[in-house]
Amino acid sequence: MKTIIRAALESDPGILHGSSRTVDGVNYLKSNPKYSLKENADDVSIGDWNQRIAKYEKLFGSAPNTMKSSVAKLEDLRRTRNGVTHTFGRASDDYDSIIDANTKPQRKVSEKKFVETLALIGKIAKEVERDLGIKHVGDFETVYFYHQWDKEFDSNHQTESKVLKKKVGQLHGRGMGNTYFQELINYYNAV
């Protein structure tokens with residue numbers, strides 16, 4: 001979620017001030033070598049799921065329905081993940097005292113629950129991607145790639161747009177036409 005939220009914020013930074021689509025993030029990208037809204041995106045991933053959803057909705061207006069209707073399952077996942085990373089697979093709440101040396105049993109996760117959790121995460125990820133991608137991101141990620149790309153390339157007598165098309169195809173496994181990439185380059189240069 002952090003990646004798509006960051007892309008949405010950097011593409012449409014007016015979101016942070018309640019004025020979506022008033023500023024094109026490409027302007028900031030081109031004028032500030034350290035342009036990053038990573039910390040703002042990371043903030044949405046901190047806290048319990050009710051807090052995360054509230055932060056998401058504060059930024060974007062509404063959260064995907066699957067996310068909102070799955071708070072209990074997402075909280076269970078968050079607690080399990082925290083238990084694995086902080087207390088070796090045990091519930092963090094089991095260790096309220098630093099002097100409690102008694103080992104608690106590890107939490108077990110069935111294969112069925114694991115598969116169901118992965119399916120839920122996949123569904124939420126698709127909903128977030130669809131929602132933010134259409135409203136805020138567009139093809140900012142390709143523009144970002146072009147901005148970062150080392151333009152010194154062995155063109156083999158190819159145009160810049162054809163080389164960019166090939167590079168993006170290798171990276172994302174998707175193909176757009178040569179015209180699309182030439183228009184993207186023209187857009188970037190015009191901003």
Side-chain angles (χ1 to χ4, degrees), residues 1-71 74 78 120-153 159-191:
M1 241 176 45
K2 287 181 191 182
T3 304
I4 187 69
I5 290 172
R6 179 179 176 186
L9 294 175
E10 290 183 7
S11 173
D12 186 5
I15 293 168
L16 294 170
H17 305 289
S19 56
S20 177
R21 298 186 181 255
T22 56
V23 176
D24 189 336
V26 176
N27 285 315
Y28 290 138
L29 183 64
K30 288 177 69 175
S31 64
N32 181 351
K34 295 182 181 184
Y35 178 57
S36 173
L37 296 176
K38 181 183 180 306
E39 288 181 16
N40 299 81
D42 289 350
D43 187 50
V44 179
S45 300
I46 296 171
D48 65 37
W49 273 94
N50 285 315
Q51 293 169 323
R52 295 173 190 207
I53 291 169
K55 292 173 191 176
Y56 186 100
E57 289 181 330
K58 183 177 179 184
L59 288 172
F60 304 112
S62 64
N65 289 330
T66 304
M67 186 189 300
K68 293 191 292 189
S69 66
S70 304
V71 170
L74 291 169
R78 182 185 69 81
L120 174 63
I121 293 166
K123 184 175 182 181
I124 291 170
K126 284 180 185 174
E127 288 180 9
V128 169
E129 180 90 23
R130 189 173 29 247
D131 182 45
L132 298 184
I134 292 168
K135 292 179 185 172
H136 304 288
V137 179
D139 206 7
F140 181 77
E141 292 154 314
T142 304
V143 174
Y144 186 89
F145 175 82
Y146 177 71
H147 175 77
Q148 299 291 334
W149 178 39
D150 179 7
K151 312 288 187 310
E152 306 235 353
F153 57 91
T159 64
E160 184 179 34
S161 61
K162 285 184 180 180
V163 176
L164 177 62
K165 174 185 174 184
K166 182 180 178 182
K167 296 279 186 192
V168 170
Q170 290 169 343
L171 186 65
H172 294 294
R174 64 179 171 148
M176 306 289 259
N178 291 332
T179 304
Y180 176 82
F181 287 99
Q182 186 57 57
E183 289 174 358
L184 184 137
I185 292 167
N186 293 343
Y187 166 76
Y188 175 86
N189 291 329
V191 172

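Below, each value reflects all heavy atoms present in this structure, side chains not excepted, and no hydrogens, waters or symmetry copies. The first residue in the sequence is number 1, and the count goes up from there. Keep in mind that what you see is a predicted model, and the values were worked out from it rather than measured.
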Shortest non-hydrogen contact from [X] toward [Y]:
X: Pro64; Y: Val128; result: CG-CG2, 3.7 Å
X: Gly47; Y: Arg78; result: O-CD, 3.5 Å
X: Ile53; Y: Ala63; result: CG2-CB, 4.0 Å
X: Arg21; Y: His136; result: NH2-N, 4.1 Å
X: Asp131; Y: Ser62; result: OD2-O, 4.2 Å
X: Ser20; Y: Asp12; result: OG-OD2, 2.5 Å

Val44 and Lys2: side chain to side chain contact (heavy atoms under 4.5 Å, CB included), yes or no, with the steps?
-> CA-CA 8 Å; Val44 179; Lys2 287 181 191 182; over 6 Å; no
Assess whether side chain to side chain contact (heavy atoms under 4.5 Å, CB included) is satisfied between Leu164 and Leu184, documenting all intermediate values.
-> CA-CA 10 Å; Leu164 177 62; Leu184 184 137; 4.1 Å; yes
Hey, can you tell me if Phe140 and Tyr144 have their rings parallel, tilted or perpendicular (30° and 60° cut-offs)?
-> tilted
With the side chain counted from C-beta on, respond yes when [X] and [Y] share a heavy-atom pair under 4.5 Å apart, and no when they do not.
X: Leu16; Y: Leu37; value: yes
X: Glu10; Y: Leu29; value: no
X: Tyr180; Y: Val168; value: no
X: Met1; Y: Met67; value: yes
X: Lys126; Y: Thr66; value: no

[atom1] ([X]) with more than 12 external heavy atoms under 6.0 Å:
X: Gln148; atom1: CD; answer: yes
X: Asn32; atom1: CG; answer: yes
X: Tyr28; atom1: OH; answer: no
X: Lys30; atom1: NZ; answer: yes

Without swapping roles, check the side chain of Lys55 against the backbone of Ile46 for a donor-acceptor pair under 3.5 Å.
-> yes
When rounded to the nearest 0.5 angstrom, what is the spacing between [atom1] in [X] and [atom2] in [Y]?
X: Asp43; Y: Gln51; atom1: CG; atom2: CD; result: 10.0 Å
X: Glu39; Y: Leu9; atom1: CD; atom2: CG; result: 12.5 Å
X: Ile124; Y: Lys68; atom1: CD1; atom2: NZ; result: 12.0 Å
X: Phe145; Y: Asp139; atom1: CZ; atom2: CG; result: 12.0 Å
X: Glu127; Y: Leu132; atom1: CD; atom2: CG; result: 11.5 Å
X: Asn40; Y: Ile15; atom1: CG; atom2: CD1; result: 10.5 Å

Taking only residues two or more places apart in sequence or in another chain, which ones pass salt bridge (charged side-chain N to carboxylate O under 4.0 Å, His left out) with Lys38?
-> Asp42
For Tyr188, what residues pass the ring-ring contact (aromatic ring centres under 6.0 Å, His included) criterion, not counting sequence neighbours?
-> Tyr146, His147
Who are the ring-ring contact (aromatic ring centres under 6.0 Å, His included) partners of Tyr56, not counting sequence neighbours?
-> Phe60
Run the side chain to side chain contact (heavy atoms under 4.5 Å, CB included) check on Lys162 and Phe181 step by step: do they pass?
-> CA-CA 7 Å; Lys162 285 184 180 180; Phe181 287 99; over 6 Å; no
Partner set under side-chain contact (heavy atoms from CB on, under 4.5 Å) for Ser19, not counting sequence neighbours | His17, Thr22
Apply side-chain contact (heavy atoms from CB on, under 4.5 Å) to Asn50 and list each qualifying residue two or more places apart in sequence or on a separate chain.
-> Asp48, Val71
For the pair Arg6 and Ser36, evaluate side chain to side chain contact (heavy atoms under 4.5 Å, CB included) and give the outcome as yes or no after the intermediate values.
-> CA-CA 8 Å; Arg6 179 179 176 186; Ser36 173; 3.2 Å; yes
Could you pull out all residues at least two apart from Asn186 that satisfy side chain to side chain donor-acceptor pair (under 3.5 Å)?
-> Gln182
